[in-house]
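For the single chain, residues carry numbers from 1 onward in sequence order.
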Amino acid sequence: MFNAHRIVLAVSAAAALSVSACAAPAPAPSSAPVHSQTPTPTPTPTVAFKKYTNAELAELFESVDNAEGSPFVAMPPAQLEQGIAAAKKMLTSIKVTPAVCGGAALTGGFEATQGASMAVATSRPSGSASPVQTVSLVSGVDQAKLAALYAKNKEQSKKCGHVVIEVAGQKAESSVVEVPVATATPGSFAVKATSTTSMGVITQVMVTAMKGGVVINSIYVSAGNIALETKQAAATLDDIAAQIK
């Protein structure tokens with residue numbers, strides 16, 4: 001049975017994958033922090049990268065801790081596959097206003113990652129059963145699909161900053177805005193996604209970059225300090241990116 005919480009999770013998953021598909025291969029590494037100005041980097045389809053396996057991506061979490069020093073726990077592959085399948089199925093029943101922001105615009109991230117490897121891990125604050133940070137890694141994204149999705153999403157981005165999602169009698173409003181971020185990983189950008197449902201308001205901060213063909217999404221469920229949470233999400237992203245050659 002659908003509920004507001006599952007709507008938020010499904011839309012967040014689709015948004016994360018769609019944003020991932022718009023991330024470009026990173027330029028040459030630089031030791032200076034990078035201040036993101038725009039979330040629309042240009043893809044470079046001619047660059048070939050190693051495709052990591054699911055297991056190799058999961059191994060990247062083993063030497064990374066969250067801001068509290070707690071480890072990240074990788075999601076079992078079978079559970080990840082089930083979650084993606086459930087989100088895909090849910091998205092087919094969702095009505096989005098404006099309509100241009102629904103359909104392929106919402107599921108494009110999933111389509112672009114067909115055949116790619118993926119790993120997801122979460123961390124929890126001390127004494128909590130709920131994950132406060134989620135990190136997803138995707139490797140082997142088809143570069144032709146990436147370029148096509150990038151071009152389409154760039155045109156739609158101005159219309160889809162605020163959307164209304166309806167499914168099975170439930171409604172949620174979602175807005176996405178870019179927020180400033182400084183990272184050691186070139187090409188990084190950050191967004192704040194706010195979803196309002198009958199359960200209340202949920203805000204997430206997501207920092208995204210691509211390093212060596214691996215798309216990295218570091219997502220915080222916000223407790224209200226957007227600047228700090230963006231910084232912490234960026235630190236996790238940098239720790240993972242540093243392991244990718």
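- Residue pairs meeting the salt bridge (charged side-chain N to carboxylate O under 4.0 Å, His left out) criterion with at least one member in residues 224-245, sequence neighbours excluded, do not occur.
- Within the model, atoms CE of M75 and OG of S136 stand 10.0 Å from one another, a figure rounded to the nearest 0.5 Å.
- Remark: K95 pairs with no residue by the salt bridge (charged side-chain N to carboxylate O under 4.0 Å, His left out) rule, at least two apart or across chains.
- Between A74 and F61 the shortest heavy-atom distance is CB-CD1, 4.3 Å.
- Partners of E173 under the side-chain hydrogen bond (donor to acceptor under 3.5 Å, both in side chains) rule, at least two apart in sequence or in another chain, are H162.
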May I have the step-by-step check of side-chain contact (heavy atoms from CB on, under 4.5 Å) for T194 and V201, ending in yes or no?
CA-CA 7 Å; T194 303; V201 178; 3.6 Å; yes
For a side-chain contact (heavy atoms from CB on, under 4.5 Å) check, start with the C-alpha distance between I165 and V163, then their side-chain angles and the critical distance, and finish with the verdict.
CA-CA 7 Å; I165 303 102; V163 299; 3.7 Å; yes
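- Here the rule is side chain to side chain donor-acceptor pair (under 3.5 Å) with Y220, and of Q204, K192, Q232 only Q232 fits it.
- Put simply, the side chain of K171 reaches to within 4.5 Å of the side chain of V164, judged on heavy atoms.
- Side-chain atoms of S123 do not come within 3.5 Å of backbone N or O of F72 as any donor-acceptor pair.
- Applying the salt bridge (charged side-chain N to carboxylate O under 4.0 Å, His left out) rule to E81 yields no partners; only residues at least two apart in sequence or on another chain are considered.
- Between the OG1 atom in T185 and the CD1 atom in I216 there is a gap of 6.0 Å [rounded to 0.5 Å].
- For the residue pair Q133/S218, the side-chain donor-acceptor check at 3.5 Å is satisfied.
- With hydrogens and angles ignored, the 3.5 Å screen pairs a side-chain donor or acceptor of T230 with a backbone N or O of I226.
- To the nearest 0.5 Å, atoms CG (L237) and OG1 (T208) are separated by 7.5 Å.
- Salt bridge absent: K51 and E56 never bring a charged side-chain N and a carboxylate O closer than 4.0 Å.
- Nearest heavy atom pair, residue M210 against residue V215, reads CE-CG2, 3.2 Å.
- With values rounded to the nearest 0.5 angstrom, L57 atom CG is found 6.0 Å from S117 atom OG.
- F189 has its side chain out of reach of V207: every pair of non-hydrogen atoms, C-beta onward, lies at least 4.5 Å apart.
- Residues satisfying the side-chain hydrogen bond (donor to acceptor under 3.5 Å, both in side chains) criterion with S63, sequence neighbours excluded, are Q243.
- In this structure a side-chain-to-backbone donor-acceptor pair under 3.5 Å is present from K211 to I244.
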Kindly determine whether V191 and V179 satisfy side-chain contact (heavy atoms from CB on, under 4.5 Å), including the steps that lead there.
CA-CA 5 Å; V191 296; V179 293; 5.7 Å; no
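- Side chain of S174 to main chain of S195: no donor-acceptor pair is present (N/O by atom type, distance under 3.5 Å, no hydrogens or angles).
- Shown here are the side-chain hydrogen bond (donor to acceptor under 3.5 Å, both in side chains) partners of T203, two or more places apart in sequence or in another chain: there are none.
- Of all heavy-atom pairs spanning A209 and S188, the tightest one is CB-OG, 3.4 Å.
- The two atoms that bring T197 and A172 nearest to each other are CG2-CB, 3.6 Å, heavy atoms only.
- Residues L60 and L137 form a side-chain contact, since some pair of their non-hydrogen atoms from C-beta on lies under 4.5 Å apart.
- Between T236 and V135, the closest side-chain pair of non-hydrogen atoms falls below 4.5 Å.
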